[in-house]
Asker: 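Take a look at this one; I'll ask things after.
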Amino acid sequence: MDLTVVIPTYNEAENIPILVERIFKVFHEHSLDGEVIIVDDNSPDGTWEVARQLKGTHNLGVLRRVDKRGLSSAVLDGFQMAKGKIIGAMDADLSHPPEKIPELIRPIMIGESDLVIGSRYIKGGNTENCSFRRKVSSKIATLAVTGLTNIKDPMSGFFFLRKEVIEGVEISPKGFKIGLEILVKGKYKKVTEVSIIYSDRKYGASKLSGSVTLDYFSHLLRLYHHKFLGKNRIRNFYHE
Ligand SMILES: Nc1nc2c(ncn2[C@@H]2O[C@H](COP(=O)(O)OP(=O)(O)O)[C@@H](O)[C@H]2O)c(=O)[nH]1
Ligand SMILES: [Mg+2]
């Protein structure tokens, strides 16, 4: 199988049918042998049930977790189930355009890259419909990681990688930024950014809260510690 797209969900019942249709349309149009895995943490709005009803003819897996909560751990559980040679993640809230998937996986498919990030902050990328507050907090969060990576949008939740990049790597299930964790700890030679237009959610609410922000900074401290005091200090800072 070419690729697996993992979608973490929490209260995304309105978004998920629209997103799933768009992804499989893209797979079909580009003759991609792909699967989608939705990892839902027992959403009160029944996202897992809505997702199960979409299975039909689609190559769609639904994991309903009742004992766990958290974005990064959901993506990791999805990766465990993945059958694709290329694995990746995207948000459920229609912020990430699935039509970009072929462009994102191409450098990996042709062996030019190991990890590809959908980037808002390179030429051609942008954010739409985002409040000023949200734009500023995203920029601050991104500035805070400049010592960890020179990637322009390391906080992106839209990314793909060769499965081997995280094989045998200890990836923390805590936190909201699994892509950043992979950028810092993953085994890769080349990482590429591909521009995307990010559009803020129309339906449902963001799960980013005060406690998530605190978690974010403690996560960053752990990653800085890993990078500068850990065993693999120099790995992956400079990307050509
Ligand atoms: N499974 C799971 N998914 C989550 C959790 N928190 C957020 N998500 C999903 O992760 C994605 C990003 O979350 P979102 O609230 O849009 O974050 P924001 O875009 O940073 O405001 C969405 O698809 C959410 O439904 C969680 O605790 N568990
Ligand atoms: Mg969102």
Side-chain angles (χ1 to χ4, degrees), residues 1-9 16 19-40 51 54-63 65 71-92 95-119 122 149 151 153-173 177-196 232 235-236 239-240:
M1 180 174 293
D2 296 329
L3 87 152
T4 302
V5 182
V6 173
I7 309 172
T9 58
I16 207 72
L19 179 60
V20 166
E21 284 312 316
R22 279 172 62 184
I23 293 176
F24 282 102
K25 185 162 179 268
V26 170
F27 285 177
H28 181 74
E29 285 172 0
H30 292 262
S31 308
L32 287 168
D33 178 18
E35 65 172 348
V36 170
I37 297 178
I38 292 167
V39 185
D40 185 72
L54 297 171
K55 276 182 160 177
T57 53
H58 292 320
N59 192 353
L60 178 74
V62 179
L63 174 63
R65 308 193 307 173
L71 202 163
S72 287
S73 85
V75 172
L76 286 176
D77 280 359
F79 285 170
Q80 291 283 331
M81 293 165 63
K83 292 194 279 290
K85 289 197 277 281
I86 298 173
I87 56 180
M90 67 191 295
D91 290 355
S95 294
H96 298 141
E99 292 72 24
K100 275 279 185 172
I101 291 174
E103 215 183 306
L104 264 79
I105 63 170
R106 191 166 184 276
I108 309 177
M109 285 191 115
I110 63 175
E112 267 183 10
S113 191
D114 308 297
L115 172 59
V116 178
I117 318 263
S119 179
I122 61 167
T149 172
I151 289 297
D153 193 359
M155 318 303 286
S156 177
F158 192 15
F159 59 87
F160 289 91
L161 49 132
R162 278 192 309 107
K163 217 177 191 162
E164 295 77 27
V165 170
I166 53 166
E167 252 165 26
V169 179
E170 203 185 303
I171 303 284
S172 168
K177 296 296 172 190
I178 176 86
L180 176 66
E181 177 93 11
I182 293 172
L183 261 172
V184 175
K185 295 184 177 170
K187 297 179 290 184
Y188 55 88
K189 285 202 189 79
K190 179 90 199 284
V191 50
T192 310
E193 285 184 272
V194 168
S195 67
I196 60 155
N232 312 313
R235 196 204 279 166
N236 294 344
H239 313 294
E240 46 310 350

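Fair warning: this is a prediction, and the values are worked out from it, not measured in the lab.
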Asker: In this structure, are over 12 heavy atoms from other groups packed under 6.0 Å from E167 atom CD?
Answerer: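 Yes, enclosed.
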
Asker: To the nearest 0.5 Å, what is the distance between OG1 on T192 and CD1 on I122?
Answerer: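 One finds 9.5 Å between OG1 of T192 and CD1 of I122.
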
Asker: Quick one: are L60 and I38 in side-chain contact, heavy atoms under 4.5 Å?
Answerer: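 Heavy-atom side-chain distance check passes, below 4.5 Å.
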
Asker: How far apart are the closest heavy atoms of E99 and V26, and which atoms are they?
Answerer: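 Smallest heavy-atom distance, with atoms named: CA-CG2, 3.8 Å.
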
Asker: So, for P154 and T149, which heavy atoms are closest and what is the spacing to 0.1 Å?
Answerer: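 Minimum heavy-atom separation between P154 and T149: CB-CG2, 3.6 Å.
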
Asker: For R65, look at atom CZ and say whether over 12 heavy atoms of other residues, nucleotides or ligands are found less than 6.0 Å away.
Answerer: yes

Asker: Using the rule side chain to side chain contact (heavy atoms under 4.5 Å, CB included), only one of L161, L115, I182, I166 pairs with Y188; which is it?
Answerer: L115

Asker: For K83, look at atom NZ and say whether over 12 heavy atoms of other residues, nucleotides or ligands are found less than 6.0 Å away.
Answerer: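 Atom NZ in K83 is not packed in, count stays at 12 or less.
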
Asker: Parallel, tilted or perpendicular for F79 and F159, by the 30°/60° rule?
Answerer: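 If you compare the ring of F79 with that of F159, the planes turn out perpendicular.
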
Asker: When rounded to the nearest 0.5 angstrom, what is the spacing between CD in E164 and NZ in K85?
Answerer: 10.5 Å

Asker: Give, for atom CG of L3 and atom CE of M109, the distance between the pair rounded to the nearest 0.5 Å.
Answerer: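 Nearest 0.5 Å value for the CG-CE distance: 7.0 Å.
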
Asker: Atom NE2 in H96, atom CD1 in I7: separation rounded to 0.5 Å?
Answerer: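 The NE2 atom of H96 sits 11.5 Å away from the CD1 atom of I7.
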
Asker: Find the distance between NZ (K185) and CG (L180) and round it off to the nearest 0.5 Å.
Answerer: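 If I round to the nearest 0.5 Å, the distance is 10.0 Å.
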
Asker: Give a yes or no on whether K25 atom NZ has more than 12 heavy-atom contacts from other residues, nucleotides or ligands under 6.0 Å away.
Answerer: no

